[in-house]
*Asks:* 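Shown below is the structure under consideration.
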Protein chains: 2
Amino acid sequence: MAITIHDIAEKAGVSLSTVSRVLSGKAEKYRISRKTQEQVLAVTKALNYHPNKMAQGLRLKKSHSIGLIVPDISNPFFACVTRIIQTTAFEMGYSLIVCNTNEDLATEIAQVELLKSKFIDGFIIMPVGTEYQHLETLVRKKHPLVLLDRCFDELKTHSVVVDNHDGAYRATSHLIACGHEKIAIIQGLPNTYTNSERVRGYLDALRDHGLAVNPQLIVGKDYRRESGYIETKFLLSLKDRPTAIFTTSDLITLGAFQAIAEDQYHIPDDISIVSFDDTDFAPYLMAPLTAVRQPKELMGESAVRLLIEAIDGKAQPEKQRVVLKPQLITRESVKILNSANPAAHSLPGKNHHIL
Amino acid sequence: MAITIHDIAEKAGVSLSTVSRVLSGKAEKYRISRKTQEQVLAVTKALNYHPNKMAQGLRLKKSHSIGLIVPDISNPFFACVTRIIQTTAFEMGYSLIVCNTNEDLATEIAQVELLKSKFIDGFIIMPVGTEYQHLETLVRKKHPLVLLDRCFDELKTHSVVVDNHDGAYRATSHLIACGHEKIAIIQGLPNTYTNSERVRGYLDALRDHGLAVNPQLIVGKDYRRESGYIETKFLLSLKDRPTAIFTTSDLITLGAFQAIAEDQYHIPDDISIVSFDDTDFAPYLMAPLTAVRQPKELMGESAVRLLIEAIDGKAQPEKQRVVLKPQLITRESVKILNSANPAAHSLPGKNHHIL
DNA sequence: TATGTTGGCTCAAACGATTGCGCAAATTTG
DNA sequence: CAAATTTGCGCAATCGTTTGAGCCAACATA
């Protein structure tokens, strides 16, 4: 079959050990003569040897691969983060096993189990976010683990998140600055870290600007397009229609757009939208989207670096939480109601072509 | 450390072999008594044993993981296909190692090398598509391999592709049926299977409808957004502007939209667009997109099934090429110039809400 | 009683690498 | 020239599984 160090040892006239030592750069330590080293290296090259990673892994208890668990790779936000993670990991010598949970807790648990048995060196997990028992097991068993995008305050592990409260606060404040008062929110998965923070940001912004909260305008139950469609339909049907909607993911926004188009409304004239994510297509939608941009590249990179530090034992033992700041990108999906307000003037309308 | 069959053997008072046999369902074959089996199973459960996949893999030369090499996971088309592949593979007991090439051949070669050493059971590759030496090596060494989306006629291996010629032909014919005669194409990566087929479909459609080919209207050099932007800028600057553009990927289309918006043109009034892919966001763009829809689910599923058949040795030894038919989805990005043409009437405008 | 058959399990050699220990030969030291 | 030290490398155990071959007891057959 494939070439092994056996073959090399034989052809080079030395022992297994010697070959292994030369190839793993331990020649100095074990005092292998220069001549022998060259000999071995030559044969290795000649036979086009590639070490068997499974054998290495078994012996060294290290697979040089990390497991990524993501709710939905086809969601452009996650897709982008995944790409960064893959690239960064590859540069650092790791390959990536990708698992999809479809936002389903049972699937997530199954994937974690699967990965555990695969001798993964570490995990990057964007959890569904409602339960964390299975993750606690990982932490207890000292599996290197970085939570990404979503985390649990109770779980003592590294994590990389965006300041969702800040993002939501600014999105909502922007709407208020533009003169909106009846502002709805279509939330994502309730009772999850990310979502709760976004909702909290929304509520805080309303409160800080002296606006009353209308519970009827808080809707939504997951981050998917279908949800955006349904909830927008509902919001549009209200007697006292909101003038603006804060959609908490770009996918929700797509659904909202569909509902709005179907009901023959127009963005932003009839209804304003601020979204969350700012994925690639955001500038090109029926109305170029004002959205909170998540620092996708930074998220992916930080997660990988943190994880690999943890794997190498170089991470601070105190668990770190990296909190990244989002950015509000203003385009044309928000109508300015109160051109009297100076704050509004400086905000949208100018930099439409931020892409 | 972790529990091994050693521990189980000891606690159950039997030998390693017996444990292994019971756990791998070979009890019958090796005549292990029912009592012993239950004994072993009980201890296994009690200790919460999970087999070490590395050791198993080493012994059995099987990792139950497959490698996926994809040009760009963040491209929504590939992202969607990747999700299907992951899900299907998982259902069939395989996990997925994902590699990204960024459409770069050197990276692709590096990734293939990496995966080869990882004891992958098989490959699904969406190649960059300009070279196939490294893939030929895989084929020669009998690595199960399925090419997806793009293939090489010269390479004798399984492949799953879309009938790109047909898709392009129908896209172009649709434009012609709507009365367009000056039709540009923004192609993808030249000299690749997929792209050549699409260009051929475009040319054939023009020819079959008696339209002359204007070489100036054939532009583009890769599938990315930037490319769409630049080429559209160019096309719009021509004295003899085309009335329609066939953009050969949704990403190119985004760039085209940007250029068109920037130059203050309007879709479809000033310029019509037919795209390729029909990703999720296509219906919600500034102009709901008429596009050739690729059967993403079917592509991903077929690729995995074919690969696993090949891994299990159940695939026909003759290499199979699965060719899937695309579908033209008409929305509102194409203007009907000749309302006299009966063919045009029956086509667009009705089913705008295909999502 | 000798012989064959079967049931029920264990032994030990793989798979392909890594590594502590130890053994010769070469070299230095006294 | 003997002893001590260094140089250069090999032996064999190990990682956690799987599996062909073999062994012993019990039972059936002649």
Side-chain angles (χ1 to χ4, degrees), chain A residues 1-44 47-65 93 116-121, chain B residues 1-41 43-44 47-65 114 116-121 141:
Chain A
M1 280 274 298
I3 306 295
T4 73
I5 51 172
H6 254 93
D7 306 316
I8 299 186
E10 197 167 336
K11 243 200 171 81
V14 297
S15 78
L16 290 185
S17 336
T18 306
V19 175
S20 171
R21 280 159 183 157
V22 171
L23 294 182
S24 56
K26 302 241 171 64
E28 298 307 304
K29 184 177 167 195
Y30 286 95
R31 295 184 301 229
I32 311 292
S33 70
R34 191 154 303 278
K35 211 170 68 180
T36 310
Q37 288 188 44
E38 283 163 5
Q39 169 76 313
V40 168
L41 256 15
V43 176
T44 303
L47 294 185
N48 187 29
Y49 165 79
H50 288 278
N52 180 325
K53 301 276 181 190
M54 290 222 116
Q56 281 188 162
L58 177 58
R59 185 61 229 249
L60 301 177
K61 295 187 175 311
K62 184 134 178 44
S63 64
H64 280 279
S65 44
K116 273 207 296 195
S117 71
K118 286 250 174 180
F119 256 68
I120 288 299
D121 294 337
Chain B
M1 281 273 298
I3 306 296
T4 72
I5 50 172
H6 253 94
D7 306 318
I8 299 185
E10 197 166 335
K11 241 195 172 88
V14 297
S15 77
L16 291 185
S17 337
T18 305
V19 175
S20 171
R21 278 159 182 155
V22 171
L23 293 183
S24 55
K26 303 242 172 59
E28 298 307 305
K29 185 177 164 196
Y30 286 96
R31 294 184 303 227
I32 312 292
S33 70
R34 189 154 305 278
K35 209 170 70 180
T36 309
Q37 288 188 45
E38 281 162 6
Q39 169 77 312
V40 169
L41 255 16
V43 175
T44 303
L47 295 185
N48 188 30
Y49 164 80
H50 289 277
N52 179 326
K53 300 276 180 189
M54 293 224 114
Q56 281 189 161
L58 177 58
R59 184 61 230 248
L60 301 177
K61 294 184 172 313
K62 185 133 177 46
S63 64
H64 281 281
S65 44
L114 179 73
K116 272 208 296 197
S117 73
K118 286 250 175 181
F119 256 66
I120 287 300
D121 293 337
K141 293 198 177 162

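Chain A is the first sequence line, chain B the second, and so forth, proteins listed ahead of strands; every chain is numbered from 1.
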*Asks:* Would you say B:His50 has more than 12 foreign heavy atoms packed within less than 6.0 Å of its NE2?
*Replies:* yes
*Asks:* Starting from P on D:dG16, measure out to CG on B:Leu58 and report it in whole angstrom.
*Replies:* 12 Å
*Asks:* Within this structure, what is the CE-to-P distance between A:Met54 and D:dT17, rounded to whole angstrom?
*Replies:* 13 Å
*Asks:* Without decimals, in angstroms, what is the distance between A:Glu38 CD and D:dG8 P?
*Replies:* 13 Å
*Asks:* What distance separates A:Leu41 CG from A:Ile8 CD1, expressed to the nearest 0.5 Å?
*Replies:* 9.5 Å
*Asks:* So for the helix from C:dT1-D:dA30 to C:dG30-D:dC1, with five pairs setting each end axis, what is the inter-axis angle to 10°?
*Replies:* 70°
*Asks:* Taking the minimum atom-to-atom distance to the side chain of B:Ser15, which one of C:dC15, D:dG8, C:dT10 wins?
*Replies:* C:dT10
*Asks:* Rounded off to whole Å, could you give me the CD-to-C1' distance for the B:Gln37 and C:dG7 pair?
*Replies:* 13 Å
*Asks:* At under 4.0 Å between heavy atoms, how does the protein contact nucleotides 17-23 of chain C? Give one character per nucleotide, 5' to 3', with B, S or -.
*Replies:* BBBB---
*Asks:* Tell me the closest heavy-atom pair linking B:Ser63 and A:Met54, and the distance in Å.
*Replies:* CB-CE, 3.9 Å
*Asks:* State which residues pass side-chain hydrogen bond (donor to acceptor under 3.5 Å, both in side chains) with A:Lys116; sequence neighbours excluded, sorted by chain then number.
*Replies:* A:Glu113
*Asks:* So, the side chain of A:Gln37 versus the backbone of A:Ile32: is there a donor-acceptor pair under 3.5 Å, distance only?
*Replies:* yes
*Asks:* Would you say the side-chain atoms of B:Ser20 and B:Ser17 include a donor-acceptor pair closer than 3.5 Å?
*Replies:* no
*Asks:* Does B:Lys141 NZ have over 12 foreign heavy atoms under 6.0 Å away?
*Replies:* no
*Asks:* Is there a donor-acceptor contact under 3.5 Å from the side chain of B:Asp121 to the main chain of B:His64?
*Replies:* yes
